[in-house]
Every structure is written in C-alpha cells, then in structure tokens.
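So the structure is just underneath, and the comments pick up after that.
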Amino acid sequence: MQADFYIQCKGISIGYKDRSTTSVVVKKDISLHANRGEMVALIGGNGIGKSTLLKTIAGFMPPLAGELLVRNRPLSGFPAVELAQEMSFVSTDIVRVANLTVRELVGLGRFPYTNWFGQLTDNDQMIIDRAILLTGLTGFENRPINRISDGERQRAMIARALAQDTRVMVLDEPTAFLDISNKYEIVRILHQLVLEQDKCIIFSTHDLNTSLTMADRIWLMLEDRVVEGIPEEMASSGYFEALFPNNQHLSFDLEKDDFRIKKEIYGKVNLVASGEKLIMAKKALERLGFEVFPNLPVTQSLSPSVSPSSIPSVPPSLYLEIIQQPEGWNIVCQGITQYVTTLEELCRSIKNISTQQGS
Amino acid sequence: MKLFRNSTIGFVLLMGVLVFLFLLDLLSGSVHISLYQSISTLFHSSSSDPQIAAILFQFRIPKAITAVLAGAALSVAGLQMQTIFRNPVAGPDILGISSGASLGVALFVLSAGWVYGGTPLFSLAGSWSIVLAAWFGAGLMMFLVVILASRLRDLMTVLILGILISGAIMAIVSVMQYFSSESTLKSFIVWTMGSLGSTTRDQLWVLVPSVAAGLLIALVSAKFLDAFLLGENYAKSMGMNIRLAYLLTFASTSILAGSITAFCGPIGFVGIIVPHLARKLFHSPLHSKLIPATMLMGAIVMVVGDLISQLPGYATTLPINSVTSLLGIPVVVWIIFQHKKIGAI
C-alpha cells in the first residue's frame, strides 16, 4: 500500500542565514517523512536542532539545501495563505495577551479563511466550537487566557491550531512545563485527533515514555545523524543509547521505554521474601545500589567474600541476606543478624552497612 | 473593570460624551460665549454677531476639531505600535516617532531658508510640504525602531532606546539650529511652540484628509494587528503577509503621528495611555473593537486636555504638551507597575 505522504524531507539542511552570504548549518542530510494519520514524536537532546527542524517544516525558515515537500508539493511553492490551510503551528512562546478570551484566541485560528476584516461566519463559529470541545475547554470559552493554568492555555493554543483546520499540525514541545496529568492529557488529545481526524501531527518532546507508547513514528535527532522508524524498532535498535553519548550514568531500559540512571553497585543481596513485600524491598534495595537476587537458598555466610556460586561474583563483594519475618526483616551480614520492623528501618540499616563497608 | 460588556452601548456612550465635551470646548475660552449664542451662530451664521462668528469659526471650531483629530490620531498610532512591538509602553512619542517627525520638519524649515531664502511655511502648499516632511521623518524613525525594537521584548530596554533616539534627534536639531539663519530659526521656533490652537482653518484642509487616511489604514489592518497579538511566528503560520502588514501599520503610524506633530508640535503620552484605557473599558484586545474605541477615547482625552489647558478664568492657555504630560506620566508609571507582573499587552 502506498503511504500517504504529508511531509517529506529529502536530504535537507537546516539552519540560520546570517545576512545573505554566511549561513549557520545546524544539521544536514535530514531525510524524514510523516504520513497521513500519523503522530510523529521528534526526540533529541537540548540544542540539537529540534526547534529549528520544526520551524523549517512550518515554513518560518527555508531549508538551506535539499527538498521539503508538503503533500508532494515543494514547501517553497506554497502561497502563505494556502500553506496556512495545510499546516498549523504551536510554538513554545507563552502568549499572554490581557483580556483575550479562549474563544477569541481560538477564533484567530480562522485567520486564513476569513475576509479582509476577519469576520467570523456561522461555519467559522461551528469550527471554533468543535475545536473547543475536542480540547476539553468547554466552559472556559470566556476566560481570559492569562488567567487560566498552563495546561489549559496549552490546550487553548492547540484548539487555535485545530480551528485552522489543517491536515498537518506541528507542535514545538507542547508538553514542556506541564505536570504529568496535563502532559498525558495533551498527548491524549493529539492522539485522538490523529485517530479521529486523520491528521498528521508532528511534535517535539523530551518525554520518551509517552512518545514510545503513543506515537506512530519516532524522529530521532542524534549528534551525527537523524533517524526515523516505528517506536518498537527504534527502541530495540540501540539508537537511544546514542542519544546521550556523553553521559555514562544513563542506560536505556527497553522494558520501561525510558532511561534509567545507572547506579554504582555496592553489593548483592539474597532477598528471601514473597508477594508485595518482595517487590517493595527489591525496589528499595535497588535504589540503594544493590543487586537483588530473590529467594536463593539461605547460606548464612560468615564471610563477605563467600557468596553462593550461583551469584556471579562482581566486586565489590558485600553480600547480604535479607529474610522476611512475619513482622519485619532479618538482615544477615557477615554472620551477624539484625532485626528491623519496617522497610524504612531496613533502608537505614542497609545504608549504615554500606557506609561502614565503604570506609 | 468591565465597564462596557456590550460594546455598542459603549460606543454610543463615548460618542455622546465626545459631542458634549466638544460643545463645552467651543464655549470655553477667554471670551465668554453662551450656549444660545454659539448654537444660533452655528446654524444661522448670517444673523449673528460677526465677532462671535469669527471667534467660533476662525479659532474655536478649528481648535476643537484639531483636538479631536490629534487625540484620535496619536492614540491609534500608539495602539498599533503597542501591538506590533508587543510592548505596553510603546507609543509615537516614547519611541521617537514624533521626534522623527520634528526632525523632518526641522530639515525642511531650516533648509528651506537656504533654498528659497525664506519659508513658505504658512501657505497651503507649505502645509502639505511640512506634513510630507513630517511623514518622511516619522517613517524613517519608525523604520529604525522596527529594526531595533522588534527584537527587544523588554519594556525597560525599549524605554531606554526611545530616550536615546529622541536624544540623538534633539542633538541633530540643535546642531541644525546653530547653523541656520535668524529668520528660518525664528519660523522653526514658532513651529516648535505649536499647539492645538495654532492650526488654521486652511491647515485643516490638510490635516483632516491626512488623519482620515491614517485612521482608515489602521481600520483595514485590524485583522493583521489581531494576528500580531500572538507574535510574528504565529501570524506567519496563519498565512499573514508580514510585509504588507508591516507596511500598512508603518504607513498609518507615520501619517498619524507625523501629521499631528507637523501641526501641533510634540504632544506626549496620549499615544501610550489611551490604548490602555480603551482596553480596560472595552475589555478586549481585538482591534476591530479596539481601534474605534481608541479613536473615541483619544478624542475625548485630548478635548479634556484642551479644556484643562484653557484654565477657566485666565486669558492664557497652557501648552497642551505640558497638560498631557502631567496627566499621562502617572498613568504610564501605573502601566509599568501593572505589566511588571503580567508581562505583555
């Protein structure tokens, strides 16, 4: 089946033009595409050129080389109004116009369709109503946009783009500065728009987890190249490790779809427990820098260097056994057993042990 | 303050206030004219006292009309500048547009001395030449400010920039005065003392069409200005022709601020404060509403300023610029404090 290309970048270079002669190339040889009915997440480190790429696609700055096609037509060939009917844009700028109501803001999205005086027809009003409904802003229509929360304002900006009634929507970090609940709400709205209206939505984000679980396609900007693919392939390809090449403390966790901070390993633990307690204690111990091996045979080892042969021996070789009791935990370290009642106390004791061992 | 929820009522009310103040302005002055006398003179000019008719037709009506025009023009120029620079303290005087107009006039008047040996200042052709010179000067300054100030979102930086630009222009004008002859210098000084009352009936034939043209351009660019509220990038992404939009506001502000400066001299602060009053009263940032509101409010504020400047009971009038400055500066300080928190218009 032939894919319905909405955006195609064919070996484009992006960057700024300083005066007419010199140009600063931010990134070159970018070949990407986005199809109809796709949600595309653009991922990359800070300062790698995500905004520049999005601004280039939105037509604010021309590509310095290569070909940029919007629905199989060169972007540069679009008259301004026609492009505005194909593609809308939501930037990171916070718009704080006093007294501008949500409805008036959304109404501005009708700009490419209204007459010289910007009069809204009944059809325009209907489209505005729909945009407000889809972004869950019903009831907020008459609130001024500088008196609503960041999440609501971001939804209002999306509603404005929606009122522009375009096939392609480009959003620059729509979830930045938002709390988790608002972040998910924004991504959910975008996802719904893709599913129900067959739009092509391209957004940049730092939130790997949401993009890998919700996006149809990932554009990944690395130091030396730009790659794309479906989320599952991208995650297993090892590209994400290349995202932050200079940071040894990060590792990509394929199962959790996210990065984790690598911790220094202080020692190993044989954790004898079950059920919820096992899960909680395992997490706590991992947080404290221990490798956890659940439910091995208890050896009550007398020396820190002696650990069961089933555990691979990795230095440092602090070895503990923690055994769940009916009311609390037994910590066995170098033959000495310590009893604690709560998980919090357990953590404190473990910390003490690892500090002593360290010194 | 949401005074006018229904904007039609607001417009009608303001219009009424303006008509009332306009009539009051006709009645006030050093020579006492009663309401009955003025109405009978206005409508049966043949049967009335020729002296009163002369005062009304030669002085008071032109002055009141000039006040209305000046208020509307400067305020609408200020509104457009605040929108395109997205800065609440932008205005034709603060950003040096009025100074630019003065520079244009100075260049014209002082150089006319060398070219013609005299100044054709008070003829109709002279009026048009002065207005053109003012437009040119204002436009040039607007161009400079657009290049500099559009990159500065910060309120204080723009204020400092305006002070610097005005300072530079004053310096240039002083240097020119130093090198000009006595007679041309005199006509320039007379011009700088210009006031609402110095506009003659003949000059109104230049001022009225100029201001009307400027206001008309502002009205037809309301949609562009609305898009500018969200910033240039959003405006572009909605398909706005940025160049046309800039050109229109450019032309409108230069014509409006230039024409008024050419005939009335510099009048400060009206251009900054009136748009804020209009926003407060009409509770909307959209220009289809805001431009007419600003026009009416500006006219009202200027007629009030003119009434105050006549100092009831005294034969002399205060310079209008002093009145607007004394009234305007506290309001500007208030605007600055308000926007420290909010950030933008």
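Only this structure's heavy atoms are used, side chains among them; waters, hydrogens and symmetry mates stay out. Chain identifiers are assigned alphabetically (A, B, ...) following the order of the sequence lines, protein sequences preceding nucleic acid strands; residue numbering begins at 1 within each chain.
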Supply the atom-to-atom distance [X] [atom1] to [Y] [atom2], rounded to the nearest 0.5 angstrom.
X: A/Lys55; Y: B/Asn233; atom1: NZ; atom2: CG; value: 6.0 Å
X: A/Asp93; Y: B/Leu230; atom1: CG; atom2: CG; value: 10.0 Å
X: B/Arg279; Y: A/Leu100; atom1: CZ; atom2: CG; value: 12.0 Å
X: B/Phe224; Y: A/Trp116; atom1: CZ; atom2: CH2; value: 4.0 Å
X: A/Phe60; Y: B/Glu232; atom1: CZ; atom2: CD; value: 9.5 Å
X: B/Lys223; Y: A/Leu108; atom1: NZ; atom2: CG; value: 10.0 Å

Completion exercise
Those residues of residues 74-89 of chain A that come under 4.5 Å of chain B on a heavy-atom basis, listed by number, are A/Ala80, A/Val81, A/Ala84, A/Met87, A/Phe89
Fill in the blank from the handout: Against chain B, residues from residues 148-160 of chain A with at least one heavy atom under 4.5 Å, in numeric order, are A/Met157, A/Arg160
Exercise for the section: Indicate the atoms forming the closest heavy-atom contact of B/Ala227 with A/Phe111, along with that distance. Expected result: CB-CE1, 3.5 Å
Exercise for the section: Identify which part of A/Thr114 has an atom lying under 4.5 Å from any heavy atom of chain B, answering side chain, backbone, both or neither. Expected result: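 Its backbone and side chain both get close to chain B.
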Problem - Portion of A/Val170 that has a non-hydrogen atom of chain B nearer than 4.5 angstrom - result: neither
Problem - N/O donor-acceptor pair under 3.5 Å between B/Tyr234 side chain and A/Ser91 backbone - result: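 Confirmed, B/Tyr234 side chain pairs with A/Ser91 backbone.
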Return yes when atom [atom1] of [X] has more than 12 non-hydrogen atoms of other residues, nucleotides or ligands closer than 6.0 Å, and no otherwise.
X: B/Met15; atom1: CE; value: no
X: A/Asn123; atom1: CG; value: yes
X: B/Phe136; atom1: CZ; value: no
X: A/Arg147; atom1: CZ; value: no
X: A/Gln192; atom1: CD; value: yes

Problem - Side chain proximity check, B/Pro285 to A/Glu104, heavy atoms < 4.5 angstrom - result: yes
Problem - Contact winner vs chain A - B/Val220, B/Leu286, B/Asp226, heavy-atom pairs under 4.5 Å - result: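 Maximum pair count with chain A is reached by B/Val220.
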Taking side chain as everything from C-beta outward and backbone as N, CA, C, O, which of these in [X] sits under 4.5 Å from a heavy atom of chain A? Side chain, backbone, both or neither.
X: B/Asn241; answer: neither
X: B/Ser284; answer: both
X: B/Leu219; answer: backbone

